[in-house]
2 protein chains.
Amino acid sequence: MKCCDMKGFLSYLILWNLSKKSMSGSEIACDLERRRGNKPSPGTIYPALKELKEKGLVTADKDKVYSLTKKGERELTDACKAFSVLFFDVKDMFSCCKLQLLGCGKRRL
Amino acid sequence: MKCCDMKGFLSYLILWNLSKKSMSGSEIACDLERRRGNKPSPGTIYPALKELKEKGLVTADKDKVYSLTKKGERELTDACKAFSVLFFDVKDMFSCCKLQLLGCGKRRL
DNA sequence: CTAAATATATCGGTTATCCGATAGTTATCC
DNA sequence: GGATAACTATCGGATAACCGATATATTTAG
């Protein structure tokens, strides 16, 4: 995702999560554990959040709950666009492994 | 994609391409240019192919045309599975950038 | 309130990822 | 055949991405 002002897919997924719901660092880590199978280290998640904050893409309230900024929303939109071009044939990839798209778009936190 | 025996998304996309059609290095590079917007450097594509070959995931014939091996097919299937879990809600990501004037997501209320 | 548990944050270092430069190889064209 | 272009390949290095260890802060339990 070099087209965007983010580190990589980790930052992309963080922004993506925050676009749905404001979350704390540990909540974000839990979501990433579900996606990747292993939980990101504190040394991974908090520096990423710090960088996103410094770039003005997210903000944190007094309870350390992070939210997307307007700039972050724009960034995420750009990233989603790049992502959809990069993986334009993602449907074929999914069907490649015969995995059902269970509840695509809705998941419980 | 640390769950798989590949470098990253670059190797993943190489395997994915080869699963559709045997290709030379430059053909692969052209596809990646379409996906990413910029063409990968020779110093990117050929070391990746070399690594895949050394791992037994691809083979090259005398004309330097690369093909997936059986092992490569299995590896790709595993990678597709991990990919589909990692981006299980990819449909929402795609629609995110199509509805950019309406905003990408809903924040917590 | 105090102690334990959890969450947040930082730092240094390791590995991954990728590129530019360079060189050798193959194809094309006259 | 020989020159030119395109492709293939390697190398060293720059940066990204991430983790483990550690430290601090906050919450929870008794």
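This structure is a prediction, so every number in the text was calculated from the model and none was measured. In what follows, chains are A, B, ... by sequence order, proteins preceding strands, each numbered from 1.
- Taking atom CD1 on A/I45 and atom C1' on D/dC19, their separation rounds to 12 Å, with Å as the unit.
- Base pairing analysis places C/dC30 opposite D/dG1; the two distances defining the Watson-Crick or G-U wobble pair are each below 3.5 Å.
- We find that NZ of B/K62 is positioned 15 Å from P of C/dT25, with the value rounded to whole Å.
- Take B/R34 and apply the salt bridge (Lys or Arg N to Asp or Glu O under 4.0 Å) test, not counting sequence neighbours, and it matches B/D31.
- With sequence neighbours left out, the side-chain hydrogen bond (donor to acceptor under 3.5 Å, both in side chains) criterion links A/S26 to A/S24.
- Counting to the nearest Å, the C1' atom of C/dT15 and the CD atom of B/E51 are 12 Å from each other.
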Taking N or O atoms only and anything under 3.5 Å, show me the protein contacts with nucleotides 7-13 of chain C, one pair per line.
| unit_1 | atom_1 | unit_2 | atom_2 | d |
| --- | --- | --- | --- | --- |
| C/dT8 | OP2 | A/S26 | N | 2.7 |
| C/dT8 | OP2 | A/S26 | OG | 3.3 |
| C/dT8 | OP2 | A/Y46 | OH | 2.6 |
| C/dT8 | O5' | A/Y46 | OH | 3.2 |
| C/dT8 | O3' | A/K64 | NZ | 3.4 |
| C/dA9 | OP2 | A/Y66 | OH | 2.7 |

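- With sequence neighbours excluded, no residue forms a salt bridge (Lys or Arg N to Asp or Glu O under 4.0 Å) with B/K62.
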Trace of the ring pair (Phe, Tyr, Trp, His ring centres under 6.0 Å) decision for A/F87 with B/F83: CA-CA 11 Å; A/F87 295 112; B/F83 184 83; 4.7 Å; yes
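- Listed by first then second residue, pairs satisfying salt bridge (Lys or Arg N to Asp or Glu O under 4.0 Å) with a partner in residues 16-27 of chain B read A/D89-B/K20, B/K21-B/E27, not counting sequence neighbours.
- Under the rule for a side chain to side chain contact (heavy atoms under 4.5 Å, CB included), the partners of A/K39 that lie at least two apart in sequence or sit in another chain are A/A29, A/C30, A/E33.
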